[in-house]
Every structure is written in structure tokens, then in C-alpha cells.
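These figures come from a predicted structure and were not determined experimentally.
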Amino acid sequence: AQSVTQLGSHVSVSEGALVLLRCNYSSSVPPYLFWYVQYPNQGLQLLLKYTSAATLVKGINGFEAEFKKSETSFHLTKPSAHMSDAAEYFCAVSERFSGGYNKLIFGAGTRLAVHP
Amino acid sequence: NAGVTQTPKFQVLKTGQSMTLQCAQDMNHNSMYWYRQDPGMGLRLIYYSASEGTTDKGEVPNGYNVSRLNKREFSLRLESAAPSQTSVYFCASDDRQGPAEAFFGQGTRLTVV
């Protein structure tokens, strides 16, 4: 079965500093990978997804992630943190079912705090 | 453009009471999902429906039932609520095929006392 591990349940950075949120996955087949963001009291919103095209994926709000097959990683980065980036971030892998449909397997999440 | 709409947003139940969480999507998606979110555990799949008329169990189905009423609506029922079901519940939908983006509702915060 596929699984996702997010290293660090809480990450704190200064405004303007680099954001690095780590995600490792296990999958026996080439995966689809996703990063979602959840702002307080809201649902999840897609930041970006990897679908086996380019290994460096750019998303919304200046975030990007790099797929590294040899490391089974899909870490999320942003060069310069903004106060509005404070949220919880979830990495997910898409598990394929018979019948052609998908189920998202989520990591436990990383809460990002940005301080002035 | 409403996307995925869940009702209610908040609910407090007593142990043993029943309730139904409603979900509707207006994106003509085939697949719909119910997740629960608990601190430190991410989102876990309760039930899903790959298409109208079909439902299947996810990782944590015990204590829940679902109904795919039509293509738009997918409800989650707690027959006899327990404190362990205190959680935030999310409904989601996607296009089913390939690396489809899942769209999430705003969530229902349920407390069972």
C-alpha cells in the first residue's frame, strides 16, 4: 500500500526566509503526488501536483516542489515566506484502484508558522 | 460557482444520537469522498463513491453509512454517535480519471459528548 510521511509536524520560519516542507512517499508504481494547503477553518486547496511530466512543479502563491524518484521525495519550497503562508500543508499520493479511479492518501500534515 | 457544499458546518451530538452530514457538488464529478481529519493523523478516508449508485468502504468505515443519492449528492450518516467520532469531516469530489484534483468542502466540525 502507498503511504506518505511528512517530516516535522510544526515548522516555524521568519518572514522572508526559505520555506522547506518535507514529504516522502512509498509507491510501487510511478505516483501522482499532491500538495494541499488548509487555512484555518477552511477546506483543503490544491497547491500543486506532479503527474510525471516535469520533475519541478510550480504551484500557486510562489510554491514549488521537486519530484526525486531516487529519494522518493516531493519536498515543497518557497524562496521567501509571507505571513499569509501560515497554514497547514498536506502531502498526498494518489492510489489507483481497479476501475480507473483514485484515492488520495494523505500525510499527517505540517503546520507552518511565519513570524515577523 | 459553489464547488462542494457541506452542511452543517458545526454540530454537537450526545452519545447515541444519530445525524446525517450532507454534501453536494456542482462540478459534474463522478467520484465523491468522505474524509475525517484528526490532529496528527492527516485525512483518513471513510467511504467513497466512484460513480452514481456505487459506494465502497475506505480506511475507517466503522460506525458510518453513506448514500449516493444522485450524481450531485453524497451523504454520511452516523447511526449512533460515539465520542471517538468527534472530528472534522470533509467531503470531496473529483473527475475520477488520472491525476484529478480533488475539490474539498469547508468541513463539518462534529463534537460528540
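Within the model, atoms CD of B:E101 and CG of A:L47 stand 10.5 Å from one another, a figure rounded to the nearest 0.5 Å. From A:Q42, atom CD reaches atom CZ of B:F104 across 13.5 Å, with rounding to the nearest 0.5 Å. B:E59 CD to A:I105 CD1: the interatomic distance, rounded to the nearest 0.5 Å, is 5.0 Å. Here CD of A:E88 is found 6.0 Å from CD of B:Q37. Values are rounded to the nearest 0.5 Å.
For A:Q38, the part lying near chain B is the side chain, with the backbone staying farther off; criterion is any non-hydrogen pair under 4.5 Å. Residue contact with chain A, scored on non-hydrogen atoms closer than 4.5 Å, is absent for B:Q6. Neither the backbone nor the side chain of B:R44 comes within contact range of chain A; no heavy atom of the residue lies under 4.5 Å from a heavy atom of that chain. Heavy atoms closer than 4.5 Å to chain A are found in the side chain of B:Y35, but not in its backbone.
Remark: the backbone N or O of A:L104 is not paired with any side-chain donor or acceptor of B:Y33 at under 3.5 angstrom.
Clustering ILVMFWY residues whenever any of their side-chain heavy atoms sit less than 4.5 angstrom apart, transitively, puts B:L76 in the very cluster that holds B:V112. Both A:F63 and A:V93 are part of a single hydrophobic cluster, where members link through side-chain heavy atoms under 4.5 Å apart. Clustering ILVMFWY residues whenever any of their side-chain heavy atoms sit less than 4.5 angstrom apart, transitively, puts B:W34 in a cluster other than the one holding B:V88. B:L13 and B:F90 are assigned to two separate hydrophobic clusters, defined by single-linkage of ILVMFWY side chains at heavy-atom distances under 4.5 Å. No continuous path of hydrophobic side-chain contacts links B:F103 to B:Y89 [ILVMFWY only; heavy atoms under 4.5 Å].
Between B:G40 and A:A108, the shortest heavy-atom distance links the atoms O-CB, 3.3 Å. The shortest non-hydrogen separation linking B:R109 to A:N41 is NH2-OD1, 3.6 Å.
Of the residues considered (A:L46, A:L33, A:V4), A:L46 shows the highest number of contacts with chain B, using heavy-atom pairs under 4.5 Å.
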